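Right, one structure below, let's go through it.
What you see is a predicted model, and the numbers here were worked out from it, not measured in a lab.
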Amino acid sequence: MDESLLLSLVVAAFVGGAAAFLGSLMITRRMALVGDALGHVALPGMGIALVLGVDAGYGAFASLALGILAIWQLGEKTVLSLETLVGIVFVSSLAVGFLIVPEGDLEGTLLGDIASVSISGAAVAVVLSAAAFAVVKRIYPGMMLLGISQELAAVDAIDARRYNLIYLGAVALIVAVGVKVTGSLLVGSLVIVPPATARMLSTNMTQYARVSAAIGISTSVVGVVVARLAGFPPGPAIILVGAALFLLSLLSKRRGRL
């Protein structure tokens, strides 16, 4: 196995698993489209980073951090829903991003380029993915309780503002490293498709979170292998493998009801 493929598999496994774990909470709280939108929020930062000649991942995280803070602050000052605020920031960022990203780098920015990841880049992706996973695992019960009832969460001394900011920050972190895997255009699928599949296969919430992470890892790894064998871009291949598995789980669920 050559070094490029090995690094791609390692990064895909860690990013895919962490993204799916975070996504299980996102889908449970009916925030699925937030992950997809945040991938586009990263675009302006990636464009600036490319113009300056630095790693696009750093620009993605800076742009996402600013976007998350803007969404969080607006959420505190308006009665608009989180999805509405994310949508406004999303379309604005997308427009700015298309103006900034150099034309020659546009395809790689939108679809990702995991095959070109370096050893240092892979190490950063692994560490940040593990950090995002660990942080969200710690606040997972509190976030679930907030999704059920903010009053009950308040009784347990759970600060909704702080928990939401921590969670959105972790999502920004995983999206920032995920753009290297699938690009800003498809990164939302990493947090949506595997948890959706796990929802069809799980019987309780504990199992659901674990199955989501397992599916995220497996579909990302298989997608990278399929891409290498077929000569496809890894990002679309990963998403198509995940979508195929979702359809299989949907069909098996329906047959089980007959």
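- Proximity of Val15 to Leu128: side-chain heavy atoms (C-beta onward) are nowhere separated by under 4.5 Å.
- A donor-acceptor contact shorter than 3.5 Å links the side chain of Tyr167 to the backbone of Leu22.
- When every heavy atom of Ala20 is checked against every heavy atom of Pro194, the shortest pair comes out as CB-CB, 3.7 Å.
- You'll find the side chain of Phe21 stays beyond 4.5 Å of the side chain of Arg210, heavy atoms only.
- Here the straight-line distance linking atom OG of Ser220 with atom CG of Leu9 works out to 10.5 Å at 0.5 Å rounding.
- At distances below 3.5 Å, not a single donor-acceptor pair connects side-chain atoms of Ser129 with backbone N or O atoms of Val126.
- For Ser218 (side chain) and Ala214 (main-chain N/O), a donor-acceptor pair under 3.5 Å exists by modelled atom type.
- In terms of heavy-atom proximity, Thr219 sits nearest to Gly216 at OG1-O, 3.4 Å.
- You'll find the side chain of Ile238 reaches within 4.5 Å of the side chain of Val224, heavy atoms only.
- Put simply, CD1 on Ile217 and OG on Ser212 are 11.0 Å apart, with the number rounded to the nearest 0.5 Å.
- Going from atom CZ of Arg138 over to atom OH of Tyr163 covers 8.0 Å, rounded to the nearest 0.5 Å.
- Within the model, atoms CD1 of Ile239 and CD1 of Ile192 stand 9.0 Å from one another, a figure rounded to the nearest 0.5 Å.
- The shortest side-chain heavy-atom distance between Phe14 and Val10 falls under the 4.5 Å cut-off.
- Note that OH of Tyr208 is 8.5 Å distant from CG of Leu25, once rounded to the nearest 0.5 Å.
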